[in-house]
Amino acid sequence: MSASIRATLGPRAFRTAVVPAAGLGTRFLPTTKTVPKELLPVVDTPAIEYVAAEAAQAGADRLVLVIAPGKESVAAHFDPNPDLEAGLAGQSKDALLAKVRRAPGLIRAQVAVQRKPLGLGHAVGCAEPLLAEDEDAVAVLLPDDFVLPTGVLITMAAVRQRHGGSVLCAFDVPREQISAYGAFAIEDTDDPEVKRVHGVVEKPAPEAAPSTFAAAGRYLLDRAVFDALRRIVPGVGGELQLTDAVALLIEEGHPVHVVVHGGGRHDLGTPAGLLRASVDFALADPEIGPELRRWLHDRLRQETT
């Protein structure tokens with residue numbers, strides 16, 4: 001984000017973006033035996049790079065990747081590769097050189113290691129020691145959630161500047177689908193896209209859901225969340241849930257709001273979701289899109305004959 005754009009948004013709401021990336025990616029086995037799920041490509045770009053670009057666009061200058069032991073290559077994607085760059089430069093492959101340099105130029109990446117899979121809340125807590133004392137908020141981006149168009153974090157930052165506290169992202173989903181998500185108990189504000197949150201119910205039955213506003217994978221959390229994470233009780237499987245920490249903050253009077261995002265999303269946590277995202281992005285690519293569109297048209301026509 002340019003300095004002039006940031007100035008129009010007011011003071012930067014956060015400097016650090018935390019990306020939990022410790023999962024084993026079992027749905028993508030056997031590929032994820034050797035390749036972390038976060039490095040699987042959407043067309044030709046690893047999913048983690050899109051997430052980093054989204055964080056940088058919103059003002060973050062540091063990405064804390066919470067990884068499991070053995071997943072160091074996720075962070076290595078953000079390191080320069082002088083030998084590769086020199087080879088591409090020597091062959092005048094400027095377009096490829098720009099792609100290789102893109103991730104290291106986006107944001108500074110650091111690693112926090114989650115040694116045991118103890119839940120999303122525990123993963124977020126692993127990033128706390130890396131924060132500076134003056135950081136009063138942190139962004140959390142779940143890499144499996146591809147929120148489109150990008151920019152919702154900028155809106156969330158503006159909401160935090162106005163209301164304080166923590167701000168989450170939500171989608172309005174059909175009621176019959178709400179049981180797959182955390183559902184917010186909300187009340188309206190003077191902005192139809194911003195709701196005050198009074199509670200979160202994890203995966204409720206459709207008829208019992210307090211609303212159809214479902215949690216998405218974007219959070220802008222007040223630093224008080226780390227104290228809450230230390231005080232919540234582990235749930236099923238001994239895991240600490242981030243939503244439990246947010247619920248505790250709400251109980252204690254901490255303001256929490258959601259921004260209702262009217263765009264789309266892709267679930268990169270499944271092979272089908274990753275494939276849909278790749279097709280979506282490839283169709284929008286001026287080089288790949290036209291030929292792919294023709295092929296898809298012909299292929300689908302064959303299915304119906």
Side-chain angles (χ1 to χ4, degrees), residues 1 3 6 11-25 32 35-41 45-82 84-85 99-147 150 153-154 156-157 160 166 217-230 240 242 245 268:
M1 182 191 301
R6 186 179 293 129
R12 182 166 54 177
F14 65 95
R15 302 201 305 270
T16 299
V18 177
V19 178
L24 299 179
T32 44
V35 180
K37 177 182 61 176
E38 294 78 13
L39 294 181
L40 297 179
T45 300
I48 193 65
E49 187 173 322
Y50 286 108
V51 172
E54 181 181 352
Q57 179 193 36
D61 57 21
R62 178 173 61 166
L63 196 72
V64 174
L65 296 162
V66 182
I67 62 169
K71 295 190 67 175
E72 291 78 7
S73 57
V74 179
H77 179 68
F78 295 92
D79 293 336
N81 188 324
L84 176 58
E85 293 174 22
K99 288 184 177 183
V100 168
R101 288 176 170 169
R102 189 170 55 205
L106 273 176
I107 199 167
R108 177 168 55 99
Q110 289 183 272
V111 163
V113 179
Q114 184 185 28
R115 301 202 174 274
K116 293 184 179 180
L118 297 178
L120 176 58
H122 180 264
V124 172
C126 289
E128 184 184 13
L130 297 179
L131 300 183
E133 290 186 4
D134 64 343
E135 291 186 81
D136 60 2
V138 64
V140 176
L141 297 86
L142 304 189
D144 284 353
D145 278 321
F146 214 177
V147 179
T150 59
L153 276 174
I154 296 173
M156 292 164 65
R160 173 175 157 82
S166 298
R218 298 293 180 271
Y219 307 80
L220 181 53
L221 301 172
D222 189 274
R223 188 158 183 161
V225 74
F226 293 106
D227 177 64
L229 285 168
R230 285 188 286 272
L240 294 174
L242 184 59
L268 304 187

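Please read all numbers here as calculations on a predicted model, not as lab measurements. FYI, side chains are in, hydrogens and waters are out, and symmetry mates aren't considered; it's all heavy atoms of this structure.
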Item to complete: Find the distance between CG (L39) and OG1 (T32) and round it off to the nearest 0.5 Å.
Response: 11.5 Å

Worksheet item: Atom CG in L65, atom CD in Q114: separation rounded to 0.5 Å?
Response: 13.0 Å

Worksheet entry | Inter-residue atom distance K37.NZ - D144.CG, 0.5 Å rounding | 3.5 Å

Item to complete: Please tell me if the side chains of C126 and V113 come closer than 4.5 Å, counting only heavy atoms from C-beta onward.
Response: no

Discussion item. Quick one, R160 and D136 - any side-chain contact, counting heavy atoms below 4.5 Å?
Written reply: yes

Worksheet item: Any idea which heavy atoms bring P46 and H77 closest together, and the distance?
Response: CG-CE1, 3.6 Å

Discussion item. Let me confirm one number: the CD-CD1 distance from E72 to I67, rounded to the nearest 0.5 Å.
Written reply: 4.5 Å

Discussion item. Please give me the minimum heavy-atom distance between L229 and A245, naming the atom from each residue.
Written reply: CD2-CB, 3.6 Å

Worksheet item: Is a donor on one side and an acceptor on the other found under 3.5 Å between the side chain of R218 and the backbone of D145?
Response: yes

Worksheet item: How many angstroms lie between atom CG of L220 and atom CD1 of I154, to the nearest 0.5 angstrom?
Response: 12.0 Å

Worksheet item: Would you say the side-chain atoms of R230 pair up with the backbone N or O of V225, donor to acceptor, closer than 3.5 Å?
Response: no

Worksheet entry | Minimal non-hydrogen separation, V64 against A112, with atom names | CG1-CB, 4.1 Å

Discussion item. Are the side chains of R62 and L130 in contact, using a 4.5 Å heavy-atom criterion?
Written reply: yes

Worksheet item: Where do K71 and A22 come nearest, in terms of heavy atoms and distance?
Response: NZ-C, 4.0 Å

Discussion item. Are more than 12 heavy atoms, taken from residues, nucleotides or ligands other than L24, located less than 6.0 Å from that residue's CG atom?
Written reply: no

Response to the item:
For F78 and A103 the tightest heavy-atom approach is CD2-O, 3.6 Å

Item to complete: Taking all heavy atoms of A60 and all of F14, pick out the closest pair and write down the distance.
Response: CB-CE1, 3.6 Å

Worksheet entry | From CD (E38) to CD (E49), nearest 0.5 Å | 14.0 Å

Discussion item. Using the side chain to side chain contact (heavy atoms under 4.5 Å, CB included) definition, which of the options V124, V138, L120 pairs with Y219?
Written reply: L120

Fill in: Trace of the side chain to side chain contact (heavy atoms under 4.5 Å, CB included) decision for R15 with D134
CA-CA 10 Å; R15 302 201 305 270; D134 64 343; 3.0 Å; yes

Practice prompt. Please name the residue in the list L268, L40, V19, L141 that meets the side chain to side chain contact (heavy atoms under 4.5 Å, CB included) test with I48.
Written response: V19

Worksheet entry | Donor-acceptor under 3.5 Å (E135 side chain, A132 main chain) | yes

